[in-house]
Amino acid sequence: MTIATSHRIADILTRHEQPILEAWLREQLVALSARQDLISEADLRRQSAEFLALFTSACRSGNITDITAPEWKQSCSNLGNVSRSRATQGFSPSETATFVFSLKQPFFSRLRQELGGDAAGLAEEMWNATVLLDKLGLYTTEVHQKAREEVIKLQQAEMLELSTPVVKLWDGIIALPLIGTLDSGRTNIMMENLLQSIVDTGSDIAIVDITGVPTVDTLVAQYLLKMVAAARLMGAECIICGIRPQIAQTMVHLGVEFGNVVTKASLADALAYAFRQIGCTVSKQTSRS
Amino acid sequence: MERIPILKVGEFLLVSIQVDMHDRLAMSLQDDLTAKLVATRAKGVLIDISSLDMVDSFIGRMLGHMAAMAGALGAKAVVVGMQPAVAITIVELGMALTEVRTALNVDKGMALLQSLVAKSCSMDNHDCHEK
Amino acid sequence: MTATKSRTMPLDSCEEIVHLRQTTRSWMAEQRFTLVEQTKMMTATSELARNAVVYGGGGSAKLELLEGSGRMGIRVVVEDQGPGIADIGQAMTDHFTSGQGMGLGLGGAKRLVDDFEIRSEPGKGTVVSITKWK
């Protein structure tokens, strides 16, 4: 039974591939008329023709119910590529799903033309085709969502990288200006960046400037102390500076202690201390010639 | 049996740990180091761990012991070249190793040893310039 | 959660501790764990393996690669048939030690990993399982 019907669908698709494609393209162009900035008609035609060919040959296999079966592998991977590229181009999930759903109208009208005399047969084929296309449409949404998630993850990682820049202040002195709230994920990346820069630049002193950190509670202090301890184990001294007056007050109220760590009020004080440590002196020129 | 070589460089000893330490190796290194310190009357020891990809509490303790043993024999010890990932792990593990002096690399370690030895010489002048 | 790869290794000598932690590292490197994650897991593994060899009189370790619900992880289960631990809570504190250690072994290992489980029965032995997720 299933075999007979599936052959009917495959047969109709094979015989009328070109007109179905043209009608489908018209449907899509209407649906996507507002998004012509994102995809050209030529690309759309290529994508549609490729998918329709794969779809037809998958239908010919006789299996029109299970799209996870090997016969559907090529169609699904093609569809996956389309969804992924649309996700990165900035199409919405429904615009992406439209790619498949807009095939319904031209496909169904062709079925009606071919099977018009056989009401029972037509109803059955319509049902089969609807179920199949719905499955494929949902599949595009799933892939689209996954692709978006990947984009978000990538952006998050990039932001983390950008938010922890290590700068070289002088030969042997590097600085890490911290801005924003510190959580464990960020501090881990920061710590790795700072320690790696210490190795790369051969710096003896690392200055961590916390002017841009809104609050310093016991947890944040713990992160900073770990960073100082790890730098010391590698043979570098870590100075913490940029402790604003309110921060100093809350630290005392919370009982946060930095122990033996050198702390300075401003970056300038820290730099002066660092210069002394590496044996540099800064002096003003007394006269200009 | 496999052993970690201890090289004499001027008045210092250089221990470069290039293999993944197992416990027996660590014990024999401590024996060898103390024996060599006494035999060479070296003023300092440089322990290069840049090739170590991990330091657990056992190896950490060994580093602490080696520094303390050197101290007991009148020498200074500096551990150099700890990798960032190793340093982060040691701190998370809860070891402070505050008794161990550190430097970024062999060059800086050597300079640190020299300044430490010079400082202690100026404090007790009589047993330093005997050659 | 299913194990996609697993391997059991003996733990009877200090060379086998080294072998176990190196295998752990190479499995993690294959799965592209970061260097810091590799180092932390390897160090925790080393602590547990040493406990089993030195205090537990030897035992075995099972390495597993886990996959499921969209994440991937590596698990090490270290088992010994030694004297066991009577008071686990006390053994987990940082300055407790029954041997010559610094007493960072169990508590330290726990801080280095994402999941930590311990079962012990005096006279029967100890099983510790640690997992790191990617």
Side-chain angles (χ1 to χ4, degrees), chain A residues 161 164 166 168 170-174 176 182 184-208 219-240 257-262 274 276-280, chain B residues 12 14-17 44-57 59-64 66-67 76-116 118-119:
Chain A
E161 286 293 325
T164 57
V166 179
K168 183 173 169 175
W170 201 259
D171 246 359
I173 306 174
I174 54 172
L176 173 66
L182 298 183
S184 73
R186 251 192 98 196
T187 34
N188 283 339
I189 290 177
M190 255 165 40
M191 177 135 74
E192 280 180 61
N193 276 356
L194 182 72
L195 299 185
Q196 193 54 52
S197 312
I198 288 176
V199 178
D200 295 344
T201 58
S203 296
D204 298 297
I205 300 197
I207 300 174
V208 177
L219 203 63
V220 170
Q222 226 171 46
Y223 291 145
L224 294 171
L225 285 174
K226 279 183 188 169
M227 191 139 61
V228 174
R232 197 199 67 83
L233 281 171
M234 291 172 51
E237 185 177 3
C238 196
I239 308 168
I240 294 172
E257 275 179 43
F258 276 130
N260 300 327
V261 179
V262 176
R276 265 201 310 283
Q277 288 298 101
I278 63 168
C280 275
Chain B
F12 302 132
L14 174 62
V15 184
S16 182
I17 304 175
V45 188
L46 210 60
I47 306 162
D48 174 24
I49 60 164
S50 55
S51 309
L52 276 192
D53 56 6
M54 64 128 246
V55 169
D56 60 5
S57 62
I59 298 173
R61 203 155 57 236
M62 177 200 78
L63 294 174
M66 281 167 61
K76 309 287 175 197
V78 175
V79 170
V80 304
M82 188 184 287
Q83 296 295 328
V86 175
I88 292 172
T89 305
I90 292 183
V91 170
E92 207 65 54
L93 192 60
M95 262 192 298
L97 290 181
T98 39
E99 71 281 17
V100 180
R101 278 193 201 83
T102 53
L104 275 181
N105 49 40
V106 174
D107 276 348
K108 286 179 190 281
M110 223 35 132
L112 177 61
L113 268 185
Q114 256 143 14
S115 76
L116 287 170
K119 220 184 273 171

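Since we're looking at a predicted model, the values are computed, not measured. Throughout, protein chains are lettered first and strands after them, A, B, ... in sequence-line order, and every chain is numbered starting at 1.
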Between A/Ala230 and B/Val91 the two heavy atoms that sit nearest each other are N-CG2, 3.5 Å

Nearest heavy-atom approach of B/Ile88 to A/Glu192 is CD1-CG, 3.8 Å

Q. Within a reach of under 6.0 Å around CG of A/Asp200, are more than 12 heavy atoms found that belong to other residues, nucleotides or ligands?
A. yes

Closest heavy-atom pair, B/Thr102 versus A/Gly235, reported as atoms and distance to 0.1 Å, is OG1-CA, 3.2 Å

All heavy atoms of B/Ala87 vs all of A/Met234, minimum pair found to be CB-CG, 3.7 Å

In this structure, CG of A/Asn188 is separated from CD of B/Glu92 (nearest 0.5 Å) by 7.5 Å

One should read off an interatomic distance between B/Arg101 CZ and A/Arg232 CZ, to the nearest 0.5 angstrom, of 10.0 Å

Whatever's closer than 4.5 Å to a heavy atom in chain B on A/Leu194 counts as neither

Honestly, the part of B/Val100 sitting under 4.5 Å from a heavy atom of chain A is backbone

Scored by heavy-atom pairs under 4.5 Å with chain A, the best of B/Leu112, B/Thr98, B/Asp107 is B/Thr98

